[in-house]
*Asks:* 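Below you will find the structure I want to go over with you.
Labels below follow one simple rule: chain letters A, B, ... track the order of the sequence lines, proteins then strands, and each chain is numbered from 1.
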Amino acid sequence: MENTIISLRNAVVEYDGEQILKNISLDIIDKQFVTLLGPSGCGKTTTLRIIGGFAEMASGELLFNGVSIKNLPPHKRQVNTVFQKYALFPHLNIYENIAFGLRIQKLPEDEIRERVGEMLELVNMRGYEKRSIHSLSGGQQQRIAIARALVNRPKVLLLDEPLGALDLKLRKDMQIELKRMQQDLEITFIYVTHDQEEALTMSDTVVVMRDGMIQQIGTPQDIYNEPINAFVADFIGESNIIDGIMRRDFLVEFAGKEFVCVDKGFGKDELVDVVIRPEDIKVVPQQEGAIVGVVQDVIFKGVHYEMTVDALGYNWIIHSTRSEEPGSIIGMNVTPEDIHIMHKSEDE
Amino acid sequence: MKAPKSLAIPYAVWVLIFTVVPLGLVVGFAMTDQDGSLTLENIFAMSEYMSVLFRSILFAIIATVICLLIAFPASYIISRASAINQSTLVVLLMVPMWINFLLRTYAWMTLLEQNGLINRLLGLIGLGPYNLINNSGAVILGMVYNYLPFMILPLYSVMVKIDQSIIEAAQDLGSNKLRLVRKVILPLSMPGISTGVIAVFVPSVSTFIISRMLGGGTNDLIGDIIEMQFSGNSYNPHLGSAMALVLMIIVLFMMSLFNQFGSEEDVIL
Ligand SMILES: Nc1ncnc2c1ncn2[C@@H]1O[C@H](COP(=O)(O)OP(=O)(O)O)[C@@H](O)[C@H]1O
Ligand SMILES: [Mg+2]
């Protein structure tokens with residue numbers, strides 16, 4: 001059963017006369033892990049702040065279970081936030097930080113103790129009750145910030161780049177833990193990140209944003225396999241983006257050659273972006289290749305090699321498990337399913 | 001790396017000349033009579049002035065509380081303003097302090113007098129004249145006006161360090177405005193409050209100009225009495241020193257009491 005819990009309708013936010021969010025509409029499905037993904041400055045935090053009640057819309061509507069909450073102050077909303085910089089209370093110890101929201105609800109001391117204990121268990125921080133927040137590492141502070149928000153049992157948890165300050169290993173561990181918490185507690189998470197890999201591994205739904213506009217909403221698979229435009233394709237993993245001309249349905253010309261593809265419905269001779277994933281280009285002997293080029297550069301990336309190949313005026317990025325000598329001439333093939341045709345973005 | 005101890009010598013000399021020696025002189029004068037023999041008479045003579053001392057402390061407490069009540073919200077508003085507005089507001093606050101203390105207080109005289117500006121304006125709409133000057137209210141007004149910046153500046157400087165995200169976190173966790181102030185802003189402002197309270201209370205409790213100019217001779221404070229012992233007809237530096245000493249001890253006692261209370265407050269909240 002899919003049930004919309006938060007609905008943002010035509011949200012516009014302006015600062016100093018400049019539009020920061022340009023007419024954003026977004027439905028958040030209950031109990032999903034939804035990620036707002038986009039480059040820095042695209043409006044992710046602002047979107048989150050509207051939902052939390054800390055930013056005002058110039059126009060637009062915000063519904064919670066179908067009821068407008070846009071004029072409700074933050075303390076009356078059933079959402080809690082994990083702030084980018086943790087924002088723990090420096091004058092309170094860890095126990096009191098987590099208990100903060102429960103004390104405001106004036107819960108009995110027994111219940112507070114029990115629920116704070118549960119949360120410390122959940123974030124693996126039992127035994128730290130009396131410690132000051134200054135004695136914690138960044139990763140531990142982050143756990144306390146998460147516990148402090150979750151202890152209130154919000155319907156929706158907002159997280160603004162919560163793992164941004166952590167090192168890679170810790171970030172990977174926390175990604176898994178956060179996902180586990182979200183599934184165990186059955187709470188809707190709205191998660192902001194500029195890290196596409198993080199978005200793809202954790203989310204049920206990814207919302208790709210750019211310049212205050214939503215580019216695409218979909219499952220990680222949708223976004224990765226069927227990016228709606230060259231921006232999304234490029235942002236979600238590396239891509240080769242080549243100028244092309246759609247000669248007719250199922251036939252596209254790029255790099256001076258015609259290729260069979262699976263896309264149709266474009267105007268005749270329409271200028272398009274052709275997107276090809278680096279892992280979809282097959283390296284073949286020179287005489288078998290549809291395109292022939294010279295290897296410029298090879299980098300070992302762990303699982304695969306990343307090669308830059310100069311051919312027909314483009315630098316092609318190829319991911320392959322076999323490496324070729326720089327300077328050697330190779331052939332490249334792409335199957336029709338791996339050629340993605342996209343309308344040119346308007347503002348390029 | 002440690003700096004050589006010899007670098008501290010100028011400071012030590014400074015402290016010796018301007019703090020230790022005068023303090024020693026005060027104690028010395030307080031404990032002796034005209035002939036230079038040891039006595040506690042000067043201290044006991046203070047009992048005559050107990051009501052003045054009590055009034056001074058009362059007025060200073062009232063002025064300090066009023067300053068705190070004005071400064072707390074004012075400092076908070078300034079600390080949350082944009083960077084440009086913050087510096088403008090702080091400068092506006094400082095401007096009166098650049099004017100001579102006496103002039104500032106004279107200005108209040110001309111405002112509050114029987115035929116002063118305020119009474120004349122009130123007269124235009126058929127009110128008054130009221131007795132605005134030469135009463136305890138005018139003295140307290142003078143203290144609040146002169147020492148308010150001493151409360152605002154330390155409060156502002158601790159409040160401006162409170163990250164906006166901490167305030168938002170408190171609201172996010174369910175705090176309305178009142179709870180936000182009580183559970184977050186007040187405890188985090190405690191260091192500024194104790195500095196500000198001392199910075200207002202100490203000059204208020206020992207002032208003599210304000211009471212003389214705005215109190216009309218009926219509201220003498222301990223500062224006035226002390227001053228008279230040094231420059232008036234009743235020249236008696238021994239009694240004056242004893243009064244200064246007693247005042248100093250009372251102030252130190254009250255401050256330590258206040259600080260005790262302040263640090264306990266942190267734990268309770
Ligand atoms: N309070 C503000 N005043 C003025 N401009 C702001 C304010 N908050 C955000 N902006 C601007 O809005 C844009 C989007 O910001 P933000 O939502 O923080 O982006 P993101 O979180 O995606 O990096 C940025 O260009 C930023 O400079
Ligand atoms: Mg941001």
*Asks:* Hey, which of D163(B), N176(B), L180(B), I162(B) has the most heavy atom pairs under 4.5 Å with chain A?
*Replies:* N176(B)

*Asks:* For the residue pair F89(A) and H91(A), categorise the inter-ring angle as parallel (less than 30°), tilted (30 to 60°) or perpendicular (more than 60°).
*Replies:* perpendicular

*Asks:* Can D167(A) and L170(A) be said to form a side chain to side chain contact (heavy atoms under 4.5 Å, CB included), step by step?
*Replies:* CA-CA 6 Å; D167(A) 61 52; L170(A) 197 54; 3.4 Å; yes

*Asks:* Checking heavy atoms, do the side chain of L88(A), its backbone, both or neither come under 4.5 Å from chain B?
*Replies:* backbone

*Asks:* Evaluate L63(A) against R9(A) for side chain to side chain contact (heavy atoms under 4.5 Å, CB included), listing each step before the verdict.
*Replies:* CA-CA 8 Å; L63(A) 305 176; R9(A) 303 259 168 89; 3.5 Å; yes

*Asks:* Given a strict heavy-atom distance threshold of 4.5 Å, which part of N80(A) is in contact with chain B: side chain, backbone, both, or neither?
*Replies:*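 Both backbone and side chain.
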
*Asks:* Classify the angle between the aromatic ring planes of F33(A) and F189(A) as parallel (below 30°), tilted (30 to 60°) or perpendicular (above 60°).
*Replies:*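 If you compare the ring of F33(A) with that of F189(A), the planes turn out tilted.
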
*Asks:* Identify which part of R77(A) has an atom lying under 4.5 Å from any heavy atom of chain B, answering side chain, backbone, both or neither.
*Replies:*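 Answer is neither: R77(A) stays 4.5 Å or more from chain B.
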
